[in-house]
Amino acid sequence: RLPTATKKPEAPTLKTPTQALVGTISIKNAEPERLDVNGLPFKQLTAKLQWAGRSLKIAHARLSLLEGLIEGNGQGDFNLPAQAQLNAKLSVKDVNLLSIDSRLHPTLINGQIQVQTKEQTKGTRQIDFQAQLNDPFASLQADATLLLGAHPKLQLKTIELMSEQSQLKA
C-alpha cells in the first residue's frame, strides 16, 4: 500500500535567471498503518518548497503520524552529489512509538531535533545530530556524529538519558 501523492502548487513558476520553482507538496496516505504490518505510519506529509538553482528550502514541513506530529524547516545545497549539504530543525509533538511499530513501547515524545549533513572527506559523509526529547517517563539529550564511508563510525559527543529510576551520562 503506497500513499497517494497529490501536488498542490501555489502558482509554481519558473523565473529566469535563477530558475526558481515554488510550490506546496502534499502526500496523503490512503491507508496509514504501522511498519510491522508492512505499512507506512503516517497520515499526511505537507511542505512548502522553493527550489532555485542548486538550493532547496523546505518550509512548514508537517508529517502527521498515526499518533503525533513532526514539523520543521530545512535547507539543502546540492552543488554536486558528493558535496550536498542539508540542515534541518524539527519539532516533535506527542509522538507515540507504539503507533509506528507494535514492537515498541508506548510513548508521548516531545522535543527538538537538529540534523546537519556535509561531506567530511572525499567518500565520507558526516551527519551531525542533536536531540532534546522528552517523554513523561524519560528524557534524552544527545549530540552525535555519524560518519558514513568505507568504515562507518558513530561518535557520541554527549548523551544523557534519564528516567524516573535511572540516569546515564556519557
Side-chain angles (χ1 to χ4, degrees), residues 1-15 18-79 81 83-118 125-146 148 154 161 163:
R1 297 177 291 225
L2 295 176
T4 58
T6 57
K7 185 176 180 197
K8 298 178 185 174
E10 290 181 353
T13 56
L14 279 159
K15 303 174 187 175
T18 60
Q19 294 293 307
L21 179 63
V22 178
T24 298
I25 187 165
S26 178
I27 300 172
K28 187 171 184 174
N29 189 348
E31 295 183 40
E33 193 61 68
R34 294 183 325 267
L35 292 173
D36 57 305
V37 291
N38 297 321
L40 295 173
F42 75 93
K43 298 176 197 172
Q44 187 170 7
L45 170 66
T46 58
K48 292 185 179 185
L49 306 176
Q50 181 179 351
W51 186 274
R54 293 186 173 133
S55 178
L56 174 66
K57 290 183 182 178
I58 303 167
H60 308 291
R62 181 180 177 104
L63 179 64
S64 298
L65 300 170
L66 292 171
E67 292 183 42
L69 179 66
I70 300 174
E71 296 178 301
N73 299 301
Q75 182 168 335
D77 185 12
F78 304 96
N79 287 327
Q83 296 174 347
Q85 296 182 7
L86 175 67
N87 296 304
K89 292 184 180 182
L90 306 170
S91 293
V92 178
K93 297 178 184 174
D94 300 329
V95 172
N96 183 356
L97 295 179
L98 182 64
S99 72
I100 294 173
D101 192 306
S102 68
R103 296 167 286 194
L104 301 173
H105 293 282
T107 60
L108 191 61
I109 299 173
N110 290 284
Q112 304 292 317
I113 298 172
Q114 299 86 34
V115 179
Q116 307 85 37
T117 69
K118 63 182 177 182
R125 169 130 329 262
Q126 177 176 324
I127 302 172
D128 292 315
F129 175 89
Q130 300 84 36
Q132 304 83 35
L133 300 171
N134 297 298
D135 176 82
F137 303 103
S139 68
L140 171 69
Q141 308 291 320
D143 187 357
T145 298
L146 178 62
L148 299 174
L154 176 64
L161 179 59
S163 70

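Residues: numbered from 1 along the sequence shown.
Atom CG of Asn87 is separated from atom NZ of Lys57 by 12.0 Å, given to the nearest 0.5 angstrom. Annotation: the span from Glu31 atom CD to Leu40 atom CG amounts to 10.5 Å, rounded to 0.5 Å. To the nearest 0.5 Å, atoms CD (Gln75) and NZ (Lys89) are separated by 11.5 Å. In this structure, the separation between OG on Ser139 and CG on Asn110 is 12.5 Å, given to the nearest 0.5 Å. One distance of note links CG of Leu97 with CZ of Arg34; it measures 13.0 Å at 0.5 Å rounding. Here the straight-line distance linking atom CG of Leu45 with atom CD1 of Ile25 works out to 7.0 Å at 0.5 Å rounding.
The side-chain heavy atoms of Asn29 and Lys43, taken from C-beta on, include no pair separated by under 4.5 Å. By the 4.5 Å heavy-atom criterion applied to side chains, Leu133 and Ile113 are counted as neighbours. In this structure, Ile109 and Leu140 have side chains that are not in contact, with every pair of non-hydrogen atoms separated by 4.5 Å or more.
Judged purely by atom type and a 3.5 angstrom limit, Asp101 has no side-chain atom pairing as donor or acceptor with the backbone of Leu35. Put simply, the side chain of Asn96 never gets that close to the backbone of Leu108: no donor and acceptor are under 3.5 Å apart.
Between Trp51 and Gly53, the shortest heavy-atom distance links the atoms NE1-O, 2.9 Å. Closest approach of Pro41 to Ser99, counting heavy atoms only: CB-O, 4.1 Å.
In this structure, a donor-acceptor pair under 3.5 Å is present between the side chains of Ser26 and Gln44. Between Asp36 and Ser102, the side chains place a donor N or O and an acceptor N or O closer than 3.5 Å (distance only, hydrogens not considered). Checking Ser55 against Asp77 by side-chain atom types alone, no donor-acceptor pair falls below 3.5 Å. Side-chain contact of Asp128 with Gln126: a donor-acceptor pair under 3.5 Å is present, judged by distance alone.
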Please list every donor-acceptor pair under 3.5 Å in which a side-chain atom of residues 58-66 meets a protein atom from a residue at least two apart or in another chain.
residue	atom	partner	partner atom	Å
Arg62	NH1	Glu71	OE2	2.7

key: Stepwise side-chain contact (heavy atoms from CB on, under 4.5 Å) check, Ile127 with Val115   = CA-CA 7 Å; Ile127 302 172; Val115 179; 4.0 Å; yes

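Under the side chain to side chain donor-acceptor pair (under 3.5 Å) criterion, Gln116 pairs with Gln130, sequence neighbours left out. Taking Asp94 as the reference, nothing meets the salt bridge (charged side-chain N to carboxylate O under 4.0 Å, His left out) condition, with sequence neighbours excluded.
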